[in-house]
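Everything on this sheet refers to the single structure shown next.
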Amino acid sequence: MKTIKLTETTKRDLLNQLLKRSPNNYKQYESTVAEILQNVKENRDAALFEYTKRFDHFEVTEDTIKVTREEIEAAYREVDAEFIEVLKKAIDNIRAYHEKQVRTSWFDAKPDGTILGQKFTPLEKVGVYVPGGKAAYPSSLLMNVVTAKVAGVPNICVTTPANAEGRVNAGTLVASDLAGVDTIYKVGGAQAIVALAYGTESIPKVDKITGPGNIYVALAKKAVFGYVSIDSVAGPSEILVLADETANPRYVAADLLSQAEHDELASAILITTSEKLAVAVNKEIEAFTQVLSRREIIEKSLDQYGYILIAENEADLVDAANEIASEHVEIMTANPFDLMTKIKNAGAIFLGENSSEPLGDYYAGPNHILPTNGTARFFSPLNVDDFVKKTSIISYSYDALREVHKNIELFADREGLTAHANSIRVRFE
């Protein structure tokens, strides 16, 4: 990993380098996505089936597009019992965490006859995209589906690519069934996103699309936003470790590599006030890289987006962390809870040497669908509110309106909206 002094110049250069990973900078793929969007929107199943045959080498039809109950039961026989138990425990943890986010409708009635409130209504239909190409991620499925279930969404479908034989990853099928998915469709890629957004003969239109995918999936979600809601346009994974001289270099190195192995665009950054720790972490990274199975991906990731920044003091460390606004932030310092209070921008914060990032990916309960590429400055992790609509409630009695009607009429007149003013005025003629 590149080891450099943290200065305003190096921080600015780093931020510019990280921004290159944003899906907004992959315009060369947009024309392909636009073509898929138009084709599926116009030709529906015919286009969807043709793209599935071309990209996934699976000849899907209206009779084979849905995963059957028999296929799900076969998946249970293929997945070992120990993993199934772990999936169940993870579901329990995710559900328990997100149940604390649930809010109920409220109404505030005043003696003058004014009633104001907010009505919470779950979305009716949600589509969850689950990758199934180079890797399948049952964990992401759980994060999306369980959260939507807790929010009260009554209809949840999953789209995920099948292999050439028409088989979907067994772990994905078992996780879907345990989480309570209603329907699973054997389609992937940008074409699946477009089908969910506009509907086809086989796939009904949904209200919201969530879940991670490759650059084509990300750009397709961006393109259909507005026709449906989406969770986010996610970029590559990233981790930022904040550490001082008390940190264990072996733990720090292992945690940095846990994200570098995702793909060649993943970023792994350590900011530390200890040059001694920086040297030790680099040595541990070199040793780990020699034995880890995804060595080639790790080396390319670290070569492009792996950094160790030496900060003069804690204040500079905190400042840099808040500007980077990382998806995952680990704090390995003498007093991590104190430092945590100073971190304003992060998708998820992991405190102490025993709270490594994979704990959040798989098991702890908080959602691992997190803002990336600096968007933690203004976005939050996926949560129950993402699957709920909020509707304002307003009710005034005649007496309550009489007390304020002249104020409203004046406001409307000043904006030149005389029909607005008249709508109030006629009630007091």
Side-chain angles (χ1 to χ4, degrees), residues 1-7 10-11 13-14 17-18 20-21 83 86 134-137 139 235-312 314 316-317 320-321 324 326-336 339 346-364 368 370 372:
M1 292 178 72
K2 298 172 284 292
T3 302
I4 56 179
K5 289 282 187 182
L6 177 61
T7 65
T10 58
K11 181 172 65 177
D13 292 344
L14 171 61
Q17 178 73 354
L18 293 176
K20 294 177 182 177
R21 303 156 57 252
F83 182 45
V86 170
K134 293 181 180 179
Y137 298 111
S139 59
S237 188
E238 55 201 28
I239 186 170
L240 173 64
V241 179
L242 308 178
D244 60 17
E245 68 283 353
T246 67
N248 183 319
R250 189 167 175 81
Y251 295 174
V252 173
D255 293 358
L256 290 167
L257 296 179
S258 74
Q259 296 308 292
E261 78 167 344
H262 266 294
D263 62 63
E264 296 165 8
L265 296 177
S267 73
I269 301 170
L270 165 65
I271 307 180
T272 180
T273 51
S274 170
E275 291 191 33
K276 181 179 178 182
L277 177 72
V279 172
V281 168
N282 242 334
K283 288 182 179 178
E284 293 287 353
I285 283 175
E286 290 174 10
F288 275 131
T289 303
Q290 302 304 311
V291 298
L292 292 171
S293 63
R294 294 168 71 88
R295 175 178 176 177
E296 185 176 348
I297 292 174
I298 288 171
E299 288 180 338
K300 288 182 179 179
S301 170
L302 295 182
D303 184 57
Q304 296 182 93
Y305 303 106
Y307 291 88
I308 297 178
L309 305 177
I310 310 295
E312 284 288 330
E314 185 184 279
D316 290 346
L317 177 149
I324 294 170
S326 183
E327 177 187 19
H328 307 105
V329 174
E330 288 189 7
I331 302 179
M332 295 193 199
T333 59
N335 192 344
L339 188 60
I349 300 176
F350 300 78
L351 300 173
E353 65 176 20
N354 296 312
S355 304
S356 64
E357 189 278 339
L359 179 65
D361 272 351
Y362 298 114
Y363 199 76
H368 81 200
L370 303 168
T372 58

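Since we're looking at a predicted model, the values are computed, not measured.
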Can you check whether [X] reaches [Y] side chain to side chain, under 4.5 Å on heavy atoms?
X: Asp316; Y: Lys11; result: no
X: Leu257; Y: Leu302; result: yes
X: Met332; Y: Asn248; result: no
X: Leu14; Y: Ile4; result: no
X: Asp244; Y: Leu339; result: no
X: Val281; Y: Val241; result: no
X: Glu357; Y: His368; result: no
X: Ile310; Y: Lys5; result: yes

- prompt: Hey, mind stepping through Ile285 and Met1 against side chain to side chain contact (heavy atoms under 4.5 Å, CB included) and telling me if it holds?
  reply: CA-CA 8 Å; Ile285 283 175; Met1 292 178 72; 2.9 Å; yes

[X] and [Y]: which non-hydrogen atoms are nearest, and at how many Å?
X: Ser274; Y: Thr272; value: N-OG1, 3.0 Å
X: Ile297; Y: Ala260; value: CG2-O, 3.8 Å
X: Leu18; Y: Ser267; value: CD2-CB, 3.8 Å
X: Leu270; Y: Ala243; value: CD1-CB, 3.9 Å
X: Ala311; Y: Leu6; value: CB-CD2, 3.8 Å
X: Thr273; Y: Glu314; value: CG2-N, 4.0 Å

task: Would you sort out whether Ser355 and Glu330 count as a side chain to side chain contact (heavy atoms under 4.5 Å, CB included), showing the intermediate values?
output: CA-CA 8 Å; Ser355 304; Glu330 288 189 7; over 6 Å; no

NZ/NE/NH1/NH2 to OD/OE distance under 4.0 Å, Arg250 and Glu353: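 Between Glu353 and Arg250 there is no salt bridge, as every charged N stays at least 4.0 Å from the carboxylate O atoms.
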
- prompt: With no hydrogens and no angle check, is any side-chain donor or acceptor of Glu238 less than 3.5 Å from a backbone partner on Glu327?
  reply: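 Flag set: sc Glu238 to bb Glu327 pair under 3.5 Å.
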
message: Using modelled atom types and a 3.5 Å cut-off, is there a donor and acceptor pairing between side-chain atoms of Gln304 and backbone atoms of Glu264?
response: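 Yes; judged by distance alone, with no hydrogens or angles, the pair exists.
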
- prompt: Given Leu277 and Glu245, is the side chain to side chain contact (heavy atoms under 4.5 Å, CB included) satisfied, shown in steps?
  reply: CA-CA 6 Å; Leu277 177 72; Glu245 68 283 353; 5.9 Å; no

Would you say [atom1] of [X] has more than 12 non-hydrogen atoms from neighbouring residues, nucleotides or ligands within 6.0 angstrom?
X: Phe288; atom1: CZ; answer: yes
X: Glu296; atom1: CD; answer: no
X: Lys2; atom1: NZ; answer: yes
X: Gln17; atom1: CD; answer: yes

message: Please identify which of these residues, Ser326, Ser301, Ser237, meets the side chain to side chain donor-acceptor pair (under 3.5 Å) condition with Gln259.
response: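 Running side chain to side chain donor-acceptor pair (under 3.5 Å) over Ser326, Ser301, Ser237 with Gln259 returns exactly one hit, Ser237.
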
From [atom1] ([X]) to [atom2] ([Y]), nearest 0.5 Å:
X: Tyr307; Y: Leu256; atom1: OH; atom2: CG; value: 14.0 Å
X: Leu242; Y: Leu317; atom1: CG; atom2: CG; value: 5.0 Å
X: His328; Y: Ile269; atom1: NE2; atom2: CD1; value: 13.5 Å

message: One pair to check against side chain to side chain contact (heavy atoms under 4.5 Å, CB included): Asp361 and Ser139. What are the steps and the verdict?
response: CA-CA 7 Å; Asp361 272 351; Ser139 59; 5.6 Å; no

